[in-house]
There are 2 protein chains.
Amino acid sequence: MFRVPAPAIAPIGVVLSRTAKTASRAFDQALAAAGGSQPVWQILISLKTSPVANQRELADAVGIQGATLTHHLNGMETAGLVTRRRDPENRRVHLVELTEDGEALFHRLASAAITHDKRMRKGLSESEIATLAELLHRLATNVANEGG
Amino acid sequence: MFRVPAPAIAPIGVVLSRTAKTASRAFDQALAAAGGSQPVWQILISLKTSPVANQRELADAVGIQGATLTHHLNGMETAGLVTRRRDPENRRVHLVELTEDGEALFHRLASAAITHDKRMRKGLSESEIATLAELLHRLATNVANEGG
DNA sequence: TATTGTTATACTCTATAACTATA
DNA sequence: TATAGTTATAGAGTATAACAATA
């Protein structure tokens, strides 16, 4: 009977990426069923929770480029979720605001996200979740400190 | 002095998705610098490590649809990384095999992946990594058991 | 000139539906 | 008919470069 040597390096990247893919797809489905998508959800969260001064900050908060944000905002404006108007103080800035429909979608997606989170957390204790969150944060910090 | 109440539900999904996005982008860059991409890397790993009987199994292993796999294999064949030939035993089956260039790319990408993993793990102990891997696995199991 | 945002364009990954080849 | 794979087509998300508007 042979013993397979434990690999010197456990590929945590593989585990993380596989988990994230599975979780992300499940989350996609949950958001889609509620009429949304991940980018839209991220944008709605940012608009609701943090006071962004302009679209550049919004794009940074969501983690996408300005042109990509414009692309999503175009869709959201067409769908009646947000309005854009110029800031009278500085007419270069476009103020993005949620409409009633946007607010409503935010709440539906929040509800879907909470349900999804509950299912994902099932069987994990509070302290396990806290440990997980902290370890993930440390991983992210390590890779965020890129050379680029 | 007010105390902000801890949220009843820590959005582990948000933490996971943010971490995964950061890690995934960093990994993308590392693979791109070595001449690859995540789908190509996944396909190479599967070809090297698990004996897949046909392309359907390969697609399942990678987590994509058959047509999507065909798309990637077309590119990989054009790039001289793999060959496809019919199985004489069952001519419906196309046997996918790595070329020398494919082997070489596998090793380069493996090296990039290991480097990336090391950087990501920095400051985390073996047991912390093991804990993290186990917790992630439990999360993934929970969401994988979809209704759909 | 510098900043804010948009437009034009394109690339990657993915998917579904219809198709071919083989059994 | 059923199975293995490909082709055709499309859609979502992202990005860069060039541009317009404003300061």
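As rounded to whole Å, 14 Å separates atom P of dC13(C) from atom CZ of Arg25(B). One can place CD of Glu89(B) at 15 Å from C1' of dT22(C), the figure rounded to the nearest angstrom. The distance between atom CH2 of Trp41(A) and atom P of dG13(D), rounded to the nearest whole Å, is 16 Å. To the nearest angstrom, P of dT6(D) lies 7 Å from CG of Asn74(B). In this structure, Leu58(B) places its CG atom 13 Å from C1' of dA4(D), rounding to the nearest Å. Distance, Gln65(B) CD to dG11(D) P: 18 Å, rounded to whole Å. Rounded to a whole Å, the CG atom of Leu95(A) is 12 Å from the C1' atom of dT4(C). Between the CG atom of Leu73(A) and the P atom of dT4(C) there is a distance of 16 Å, rounded to whole Å.
Between Asn142(A) atom CG and His116(B) atom NE2 the span is 10.0 Å, to the nearest 0.5 Å. Atoms CE and CG, from Met76(B) and Leu44(B) in turn, are 4.0 Å apart once rounded to the nearest 0.5 Å.
The side chain of Asn54(B) lies closest to dG5(D) when the candidates are dG5(D), dG5(C), dA15(C). Nearest to the side-chain atoms of Arg56(A) among the listed nucleotides dT16(D), dA8(D), dG5(C) stands dG5(C). You'll find that the side chain of Thr68(A) is closest to dT14(D), out of dG5(D), dT14(D), dA23(C). Side-chain proximity of His72(B) to dG13(D), dT3(D), dT14(C): nearest is dT14(C). The side chain of Gln55(B) approaches dT6(D) more closely than any other nucleotide in the set dT6(D), dA15(C), dT14(C). Closest contact between the side chain of Arg91(B) and the listed nucleotides dT14(C), dA23(D), dA23(C) involves dA23(C). Distance from the side chain of Ala67(A) is smallest to dT7(C) among dT4(C), dT14(D), dT7(C).
The backbone N or O of Leu81(A) sits less than 3.5 Å from a side-chain atom of Thr99(A), completing a donor-acceptor pair.
Residues Arg86(A) and Leu95(A) are not in side-chain contact: their nearest non-hydrogen atoms beyond the backbone lie 4.5 Å or more apart.
In this structure, Arg86(B) does not reach the dG5(D) phosphate: none of its side-chain N or O atoms is under 4.0 Å from OP1 or OP2. Proximity of Arg84(A) to the phosphate of dT6(C): a side-chain N or O atom is located under 4.0 Å from OP1 or OP2. Within the structure, every side-chain polar atom (N or O) of Ser37(A) is placed at least 4.0 Å from both OP1 and OP2 of dA12(D).
Side-chain polar atoms of Gln38(B) and Ser24(B) form a donor-acceptor pair below 3.5 angstrom.
Comparing Thr70(B) and Asn90(A) by the nucleotide of DNA chain D whose heavy atom lies nearest to each, the residue mapping closer to the 5' end is Thr70(B). Ranked by how close their nearest DNA chain D nucleotide is to the 5' end, Ile64(A) and His71(B) are led by His71(B). Each of Gly66(A) and Gln38(B) has a nearest nucleotide on DNA chain C; the 5'-most of these lies closest to Gly66(A).
Two different hydrophobic clusters hold Leu98(B) and Val93(B) under the rule that ILVMFWY side chains link at heavy-atom gaps under 4.5 Å.
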